[in-house]
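Single-structure report; data block below.
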Amino acid sequence: MHSLLPDATTWALALSGGLLLTLMAAATGLPFMALAGQTLATARRRVFYDKCARQLAMLVAVLSPLSLLLTGISVLRAVQMEPDMLAGPYRMPVVALLALHAGTTLCAVLYFVTWKGLASRLPLLHRLFGLSAGIGGAKTLFVALAIVRALFVAGHPLPATGSALEVMLALLLPAGNALLWPAFGLALCAAAAFGGVYGTQWLVLRRQQDDFGRDHYNFTLPWCAAWGMYGTVVMLAPLGYVLWRALSQVSSTFGVLPPFVPFALCILAP
């Protein structure tokens, strides 16, 4: 009998998985916030935007390696629990996820560490690092959600004996009515929401180290908080739709009810 309140083990797995997805979403949204800050600094001639953008780039350089580390630990744990996992059709998707995540992390770190050297001399190249980090983060989220979908769909939709290309096409191009598409839309909204929330918290934590004055934080804290607030409001509609779709398909599509309650709590908590 399915239950909306899973046991303690399921709650622990759902909360840790939800936390990892929030970190990945924040690392996806923050580069776009930093790029917006750089653009607004030039367009409106407000140095506050540029300083805030650099602070957000620093946060991306922290969150991206952290989420990559947690992803690697999750994969190792999954392989430990299911030793045959990488011998089947999941091998290529998992390798693709880790490779994509690693490349995104590299771009995120380069975006921050080259700020002083490239931001003023080669601004297009510098912003390309940030854009690559944001787009790479979105791709990483999509592949991660696709793998989660394949794991939960009964009899998984991946061909057991297909080539690597066939496996990836089956993973990344499901039917138009698949739950993956609205879930990815939810992830993009969450990227803006978590980027704003984590960015606001980061500015508070950096208040003593980055002493840019009261006016800077009076200006940038509401700006970051607005990203979090509007992103959260926009996120509620796709979140409700995804939960409704998933719950309505429990008896026919899912062999085991996904831990919706702890997962939703983890998403809404920030």
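Starting from 1, each residue takes its place in the sequence as its number.
Among residues two or more places apart in sequence or in another chain, the side-chain hydrogen bond (donor to acceptor under 3.5 Å, both in side chains) test is passed with Tyr230 by none. Met168 meets the side chain to side chain contact (heavy atoms under 4.5 Å, CB included) test with Met92, Pro93, Ala96, Leu171, Leu172; sequence neighbours excluded. By the side-chain hydrogen bond (donor to acceptor under 3.5 Å, both in side chains) test, Gln80 pairs with Arg77, sequence neighbours left out. With sequence neighbours excluded, the residues satisfying side chain to side chain contact (heavy atoms under 4.5 Å, CB included) with Leu68 are His101, Ala102, Thr105. Listed by chain and number, the residues in a side chain to side chain contact (heavy atoms under 4.5 Å, CB included) with Val204 are Leu221 (sequence neighbours excluded). Among residues two or more places apart in sequence or in another chain, the side chain to side chain contact (heavy atoms under 4.5 Å, CB included) test is passed with Ala144 by Met24, Leu97. Legend: residues meeting side-chain hydrogen bond (donor to acceptor under 3.5 Å, both in side chains) with Asn218, ordered by chain and number and at least two apart, are absent.
Side-chain contact check for Leu179 versus Pro182: some heavy-atom pair is nearer than 4.5 Å. Using a 4.5 Å cut-off on side-chain heavy atoms (C-beta onward), Phe142 and Trp181 make contact. Taking the side chain as every heavy atom from C-beta outward, Thr22 and Tyr198 approach each other to under 4.5 Å. Looking at heavy atoms from C-beta onward, Val60 lies out of side-chain contact with Leu56 at the 4.5 angstrom threshold. Between Leu30 and Trp202 there is no side-chain heavy-atom pair separated by less than 4.5 Å.
Between Gly37 and Tyr49 the shortest heavy-atom distance is O-CB, 3.2 Å. Residue Leu20 comes nearest to Ser67 through the heavy atom pair CD1-O, 3.6 Å, listed as atom of the first residue, atom of the second, then distance. The minimum heavy-atom distance between Arg149 and Ala178, with the atom names listed, is NE-CB, 3.8 Å. Nearest heavy-atom pair, Pro65 versus Val62, reported as atom, atom and distance to 0.1 Å: CD-O, 3.4 Å. In terms of heavy-atom proximity, Met33 sits nearest to Trp223 at O-CH2, 3.4 Å.
Ring orientation note: the planes of Phe219 and Phe48 are tilted relative to one another, at an angle of 30° to 60°. Between Trp244 and Tyr241, the ring planes are tilted. Angles from 30° to 60° get that label.
Residues Leu100 and Leu145 share a single hydrophobic cluster, defined by chaining ILVMFWY side chains whose heavy atoms lie under 4.5 Å apart. Placement of Val75 and Val143 within a single hydrophobic cluster is found when ILVMFWY residues are connected by side-chain heavy-atom separations under 4.5 Å, directly or transitively. In this structure, Phe32 is not a member of the same hydrophobic cluster as Val234, with clusters built from ILVMFWY side-chain heavy atoms closer than 4.5 Å. Under the 4.5 Å side-chain contact rule for hydrophobic residues, Val233 and Leu239 do not share a cluster. Using a 4.5 Å cut-off between side-chain heavy atoms of Ile, Leu, Val, Met, Phe, Trp and Tyr, with links allowed through other members, Leu59 and Leu40 fall into the same hydrophobic cluster.
Among residues at least two apart or in separate chains, there is no ring pair (Phe, Tyr, Trp, His ring centres under 6.0 Å) pair with a member in residues 52-83. Within the structure, salt bridge (charged side-chain N to carboxylate O under 4.0 Å, His left out) contacts touching residues 38-50 (residues at least two apart or in different chains) do not occur. Among pairs with a residue in residues 190-217, those fulfilling salt bridge (charged side-chain N to carboxylate O under 4.0 Å, His left out) read Arg206-Asp210, Arg207-Asp211, at least two apart in sequence or across chains.
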Show me the side-chain donor-acceptor pairs of residues 122-140 shorter than 3.5 Å, one per line, residues at least two apart or across chains.
from   : atom 1 : to     : atom 2 : distance (Å)
His126 : ND1    : Gln38  : NE2    : 3.4
His126 : NE2    : Tyr111 : O      : 2.8
Ser132 : OG     : Leu128 : O      : 2.8
Thr140 : OG1    : Gly136 : O      : 2.8

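The backbone N or O of Arg54 lies less than 3.5 Å from no partner atom in the side chain of Trp115, so there is not a single donor-acceptor pair.
The 12-atom threshold is not exceeded at CD of Gln208, counting heavy atoms of other residues, nucleotides or ligands nearer than 6.0 Å.
In this structure, OH in Tyr217 is found 9.5 Å from NZ in Lys51, a value given to the nearest 0.5 Å. Between atom CG of residue Leu203 and atom CD of residue Gln201 there is a gap of 10.0 Å, rounded to the nearest 0.5 Å. Once rounded to the nearest 0.5 Å, the distance linking CZ of Phe112 with CE of Met58 reads 3.5 Å. If you take CG on Leu141 and OG1 on Thr28, they are separated by 4.0 Å, rounding to the nearest 0.5 Å. Rounded to the nearest 0.5 Å, atoms OG (Ser64) and CG (Leu69) are 12.5 Å apart.
Other residues sharing a hydrophobic cluster with Leu165 under the 4.5 Å side-chain heavy-atom criterion for ILVMFWY residues are Leu169, Leu173.
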